[in-house]
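Input: a single structure, listed below in structure tokens.
Predicted model, so just to flag it, every value in this text is computed and none were measured. Residue numbers start from 1 in every chain, and the chains themselves are labelled A, B, ... in the order their sequence lines are given, proteins ahead of strands.
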Amino acid sequence: MEGRELHEAIMELARRRGFFWPSFEMYGGLRGFYTYGNLGTKLKRNIEKAWRRFFVDPHGFLELDTPVLNPLRVFKASGHLEHFKDVMVECFKCHRVFRADHLIEEEAGLEYVEAMGEEAIKRLLREKGIRCPECGGDLGEPQEFLTMFQTQIGPMGGEPGFARPEAAQGMFLNFKLGFHHARERLPFALAQIGKVMRNEISPRRGLLRLREFTIMELELFFDPQEGQCPWFKEVSDESVKLITEEMEAEGFKEPLEVTLGEAVERGYIKTEWQAYFMGVSKRFITYLGVPPERQRFRAHLPEERSHYSTQTYDHEVYLESWGWIEVAGHAYRTDYDLKAHQKASGVDLTVRRADGSRFLPHVVEPSFGLDRLVYVALEVAYRKRDGRTVLALPRWIAPIQAAVMPLVARDGLPERAREIWSQLKDAGLTVEYEEKGSIGKRYARQDEIGTPIAVTVDYQTLEDDTVTLRDRDSWRQVRQEASRLPELLRSYINGEREFDELGRPL
RNA sequence: GCGGCCGUCGUCUAGCCUGGCUAAGACGUCAGCCUUCCAAGCUGAAGAUCCCGGGUUCGAAUCCCGGCGGCCGCACCA
């Protein structure tokens, strides 16, 4: 299965089995919002856990949870108010809508018009006498379109508030205290998993483009004079597929294959820190089930980059359904944000060096779209076998870790199976009990939601208290004593053991 | 926002062109029976404002208009 068909099959499965579905359906629906069901919530949580395991915990970084709603002052200072806004013009005649800055660039041969600001755009539009490029018609008054959601904080039209379009500002606003909590030593990082909102013009493709979504972001603060990353040697031999800014500019489609060490040496990646996180990023995405050959890093051209970034690499994954899609952005934000907030607030955010000099730390940011990762994990795991669907999710992210079932629902088998179910739950595993229908049907149901292990209680169990364990991917079975399951299954789910090590083959 | 396609139980579909019994089937769900390892079978049940609103008509899932929503393309995606 490929292309759109695959996407539809996954969306259907997601809805039918309770991973996710469009929100507000009972009121007619609204594009760009999705609701996660039981399995989706668990999958999402497991991906979050994996992210912490790769990005936060090994380095002792600090986590934050900051407000979604921010006052105007924050986004004025951060530059978002200026840059998350596009000036649009509509043609009177054919009613096509264009971005004014792009129109000026094309028609007047200018560059980086967006950066000139709103007034200049409006003026240029008049001065250059620009008309509709499609039909030659007159253009209407330029309209601003702000991609941030706006509201009022407090009663009676209090203070304008905006929903954050990224979690990063929370880390910058709390840099000072965060730095203190990190014992005032660089480098350190603040990380956050949280909801963000963007009023996208045209949300599409299910979870891939939402108006409200969850982002997993990390801001690494370091002294630009000491740009070395202490962990870099762990990934410097890791090879990555790179489309550098130069290659992008010249239209090369085939990525360069280099090690991260070489990429830094040759200047493709500006800092060791960024290269380090790209290496971790590759390992993290691989851990979610995406093979390395389906991953690449693509540099943004200057006009594609956000206002705060001096170098950005998108981490992209190849999907059968949609081609290359972005799952993470790796941005070198320099001291842009701290400088902006220091200037606007008057609060000194500089840090002292051993020699007494003061400076603003530089920032490298890996930023993941969690919802996209949920979809990617599902699509990459989607298999067909003998006409059945198997979700071959890596077992460490599977929403249900094991299913316990009696071979048949009688003769005391359900009772024993329920006991085992309880023991596994008590051991901290996410386990389902199922006795409905035939055993084959139950295996098929569990395959479809990606449950890696099925535990079956049969007549032999009543004699010697052993059960069969069945592997989702190979459908092979082994036999093991019920009392050893909590320990064995836990290590299996963690990846410390392989299926063959779980018992005697049958 | 423009253009093309589309919208029927939880899911997938039939019915629509050519208006007419109580909107049909399969899967799934529930109850019961059966069942000793890969979506078996039997009996019964529940489940649909046919996306919404308006119009035409004796009569609309079906025809017409408007809206909402979805998918794709264009544009946009920091």
* To do: For A/Leu407, answer base if it contacts any base atom (sugar-phosphate contacts may also be present), sugar-phosphate if it contacts only those atoms, and nothing otherwise; contact means non-hydrogen atoms under 4.0 Å.
  => base
* To do: Using the P atom on both, measure B/G19 against B/U62 and round to a whole Å.
  => 12 Å
* Provide the distance between the two C1' atoms, one in B/U43 and one in B/C63, to the nearest whole Å. => 43 Å
* Asked: What residue pairs, at least two apart or across chains, pass side-chain hydrogen bond (donor to acceptor under 3.5 Å, both in side chains) with a residue in residues 449-458 of chain A?
  -> A/Tyr443-A/Thr456, A/Gln446-A/Thr451, A/Asp458-A/Thr461, A/Asp458-A/Arg479
* Contact class for A/Thr312 vs. all strands (heavy atom < 4.0 Å): base, sugar-phosphate, or nothing? -> nothing
* Near RNA chain B, which residues from residues 471-481 of chain A have a heavy atom under 4.0 Å away? -> A/Trp475, A/Gln477
* To do: Give the nucleotide from the list B/C37, B/G1, B/A39 with an atom nearest to the side chain of A/Arg388.
  => B/A39
* Taking atom types as modelled, is there a side-chain donor on A/Arg164 or A/Thr66 under 3.5 Å from an acceptor on the other? -> yes
* Close side-chain approach of A/Ile285 to A/Phe368, heavy-atom, < 4.5 Å -> yes
* To do: List for me each residue that meets ring-ring contact (aromatic ring centres under 6.0 Å, His included) alongside A/Phe24, sequence neighbours excluded, and say none if there are none.
  => A/Phe33
* **Backbone N/O of A/Val390 and side chain of A/Arg472: donor-acceptor pair under 3.5 Å** => no
* Structure fact -> A correct 5'-to-3' footprint of nucleotides 3-11 of chain B, with B, S and - meaning base, sugar-phosphate only and no protein heavy atom under 4.0 Å, is -------SS
* To do: Using only side-chain N and O atoms of A/Arg198, determine if any of them is under 4.0 Å from OP1 or OP2 of B/C76.
  => no
* Minimum side-chain heavy-atom gap A/Phe55-A/Phe277 below 4.5 Å -> yes
* To do: Would you please confirm or rule out a distance under 4.0 Å between OP1 or OP2 of B/C76 and any side-chain N or O of A/Ser202?
  => no
* Classify the nucleic acid contact of A/Thr468 as base, sugar-phosphate or nothing, counting any heavy atom under 4.0 Å across all strands shown. => base
* Counting side-chain heavy atoms from C-beta on, which of B/A40, B/C37, B/U35 comes nearest to A/Ser438? -> B/A40
* Asked: A/Tyr459 has a side chain; which of B/U36, B/C38, B/C77 sits nearest to it?
  -> B/U36
* State the dot-bracket string of RNA chain B. Criteria: Watson-Crick or G-U wobble, both atom distances under 3.5 angstrom; notation: ( ) intrastrand, [ ] crossing earlier pairs, | interstrand, . unpaired. => (((((((..((((......[...)))).(((((.......))))).....(((((..]....))))))))))))....
* To do: Using the C1' atoms only, state how far B/C76 lies from B/U57, rounded to an integer number of Å.
  => 45 Å
* Quick one: label A/Leu30 by what it contacts on the DNA or RNA (base, sugar-phosphate, nothing), any heavy atom closer than 4.0 Å. => sugar-phosphate
* **Under 4.0 Å protein heavy-atom contact, by nucleotide of nucleotides 28-33 of chain B - B base, S sugar-phosphate only** => SSS---
